[in-house]
2 protein chains.
Amino acid sequence: MTTSGRKPDEGERYKAILETAARLICDRGYEGTSMQEIAAACRMTKAGLYHHIQNKEQLLFAIMNYGMDLFEEQVLSRVQDIVDPVDRLRACMRHNILLVTRGWSKEVIIILHEHATLTGEARAFIDNRKKRYVDFLEEAFSQAAQQGRIRPVDPTIGAFSFLGMVLWVYKWFKPDGRLTDEQIADGMVDLLFPPIVAAAVDGQPGVSSLRVVPRAASGSGSGTEEP
Amino acid sequence: MTTSGRKPDEGERYKAILETAARLICDRGYEGTSMQEIAAACRMTKAGLYHHIQNKEQLLFAIMNYGMDLFEEQVLSRVQDIVDPVDRLRACMRHNILLVTRGWSKEVIIILHEHATLTGEARAFIDNRKKRYVDFLEEAFSQAAQQGRIRPVDPTIGAFSFLGMVLWVYKWFKPDGRLTDEQIADGMVDLLFPPIVAAAVDGQPGVSSLRVVPRAASGSGSGTEEP
DNA sequence: TCTACGACCTACCGACCGGTAGGTAGCATG
DNA sequence: CATGCTACCTACCGGTCGGTAGGTCGTAGA
C-alpha cells in the first residue's frame, strides 16, 4: 500500500482532483457527495474521473493520506526537533490550530470529520499515521512531566486533551468571528501551558502556575457558534 | 416549532423510533443510513415508518432535540446551581464526559458528529440550544477568573477548550481501553482545574497552581486510538 | 352493528447512486 | 503512415434512494 493509494507521480492533475474532491467532501460529507458532483467540479464526466481513481473509497483514502502529508509537513516537521518539551508542545499547538483555522487544506478537516468512514486496511493505515502523532504528544507530555515542567498528568490524557482543544476548533471557528485564529492559538497555549512565574516547591522549579499580567477576562463571546 | 418537531405525546412508540434510528445513524452516519434500514430496525416497512415521521431531515431534527433534552437533564440541570464557579465547571466536565463515554444516548453523539448536516431553521434551532451551553460555560469561566479562582482567560477560549477536551472524547474513547471513563474524567478535571495548594500572589488566593501528590506520569498509552 | 380512525401494509414513483463497457480523439514514437 | 497509449467521452448497468398513493385490519366509541 503506497502513501497515495495509487501509482505516484501521475502529476499535478491527480493532486488537483484530490483537492477539488476534498473541497466538496468537506462541504457535503463523504456519503453526501456523489461521484457525479466530484467529476463535474473537475470539469469531467464520471467515467473520465474513474480513469484517474479506482473507486470512491480509495479516493477518500488518497485524500486522507494527502492530508496527513500536509499535516506532517506543516506541523510535525516544524516542531519535532525543539528540545524543550513544553516549548515543543506550545509550538505544536500553535501550528496545528492554524492548520485547522486557515482552511488551506480541506483534506485535514476531512481526516478529522470522517474518522469512522473508512474501513478495513485503509482505516487501519490512516489510524496508524494518526497514532504516530498521539505517540509524539504523549512522549512530550511524559518528558515535560518528568522534568517537572508541567503538573503531573497521565500522558494519554494530556495528549487527548491537547488534541481535543486543538481539533475541536474545526467545528466552531468562523474566520470573521470575534476572535482571530492567532488569538485562539495564543489563548489555548497560555491556558494549557502557562509560562512559569511562581517559585519552586519540593525542590523543583516552578510548575504550571499563575502569572500576574492581566489579560482580558470579561464579556461573553460572540462571533463564534455552537459547541 | 416545538421541541420535538412533531406533535407531542404520541407516546413511547415515537421515542422508541427515535432511539432505534439514533443507534443506526450514530453507527453509519446520517447520509449513510437509509430510511429502509431505519424502518427495518423498527420492524416496520418504510411506509409504516413514514406514518410516524414527516421526512428524513425532521427525523434527524427530532433526534437532536431529544439528545439536547437528555444532555440538559443529565448534565446542565445537575450542575447549574453549584455556587462556586470552579466546582461548577469541574462537576460539569465530569458529567459531560460520562454522558459521552457511557453511550446511553446515541442522540448526543449524533449532535456532536452531524454538526453541519441540518440546514435552515432546524439548524438554527439546534445551534441556539447549543449556544446556551456555551454561554453557561463562558459565564462560569468569567466568574472563576473574576474571583481569582483560575488564571485569567478569555471566557470564549476557556469554554471552547473545555468543550474540545470533553467532546472530542467521542472520537477516540473505547470502553475496553487502558483508561476507564472515570479516570479520563478525573484526569481532565485535574488538568484544567487543578486543586489549589500554592500560596497567594498579588493579594489573591492561590490560583491554578501546582500540587505535590505524585500521580502516574510515565509510559505511553495503549488501548486508545487515533486523535 | 355501524362508523371512524390510527397503525400499519403492498406496490410503486422518478431520480439518482457507484461503477463500467466500449469507443474515440490527439499525440508521441517507430 | 501504422501503432500504442493517455485521456477522456457516450451510453448504459442493476440497484437503491427518499417519498407516496391507496388499501387493509383491528379496535374503540356511538
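Below, chains carry the letters A, B, ... as their sequence lines are ordered, and counting in each starts from 1.
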Worksheet item: What string of B, S and - do you get for nucleotides 10-27 of chain D, 5' to 3', when a contact is any protein heavy atom under 4.0 Å?
Response: B------SBBBB------
Worksheet, complete the sentence: A:Tyr14 OH to D:dA7 C1', in whole Å, measures 16 Å
Worksheet, complete the sentence: Here the distance between atom P of C:dC17 and atom CD1 of A:Ile38, to the nearest Å, is 11 Å
Worksheet entry | NZ (B:Lys106) with more than 12 external heavy atoms under 6.0 Å | no
Worksheet entry | d(CD1, A:Ile53; P, C:dG18) in whole Å | 10 Å
Discussion item. For B:His113 and A:His113, take the angle between the two ring planes, folded into 0 to 90°, and tell me which bin it lands in: parallel under 30, tilted 30 to 60, perpendicular over 60.
Written reply: parallel
Worksheet item: Is any NZ, NE, NH1 or NH2 atom of the basic residue among A:Arg88 and A:Asp81 found under 4.0 Å from an Asp or Glu carboxylate oxygen of the other?
Response: no
Practice prompt. Verify the contact: side-chain N or O of A:His51 to OP1 or OP2 of D:dC8, cut-off strictly under 4.0 Å; return yes or no.
Written response: no
Discussion item. If I take atom CD in residue B:Glu12 and atom P in nucleotide C:dA7, what distance separates them, rounded to the nearest angstrom?
Written reply: 14 Å
Item to complete: Look at B:Glu72 together with B:Arg129 and state whether they make a salt bridge at an N to O cut-off of under 4.0 Å.
Response: yes
Item to complete: Measure from NZ or CZ of A:Lys171 to the centre of the six-membered ring of B:Phe160, then state whether that distance is under 6.0 Å and the direction lies within 45° of the axis.
Response: no
Practice prompt. May I ask you to check if A:Lys130 and A:Phe71 form a cation-pi contact, with NZ or CZ under 6.0 angstrom from the six-membered ring centre and within 45° of the axis?
Written response: no
Practice prompt. Return no unless some side-chain N or O of B:Arg43 is found under 4.0 Å from OP1 or OP2 of C:dC8.
Written response: no
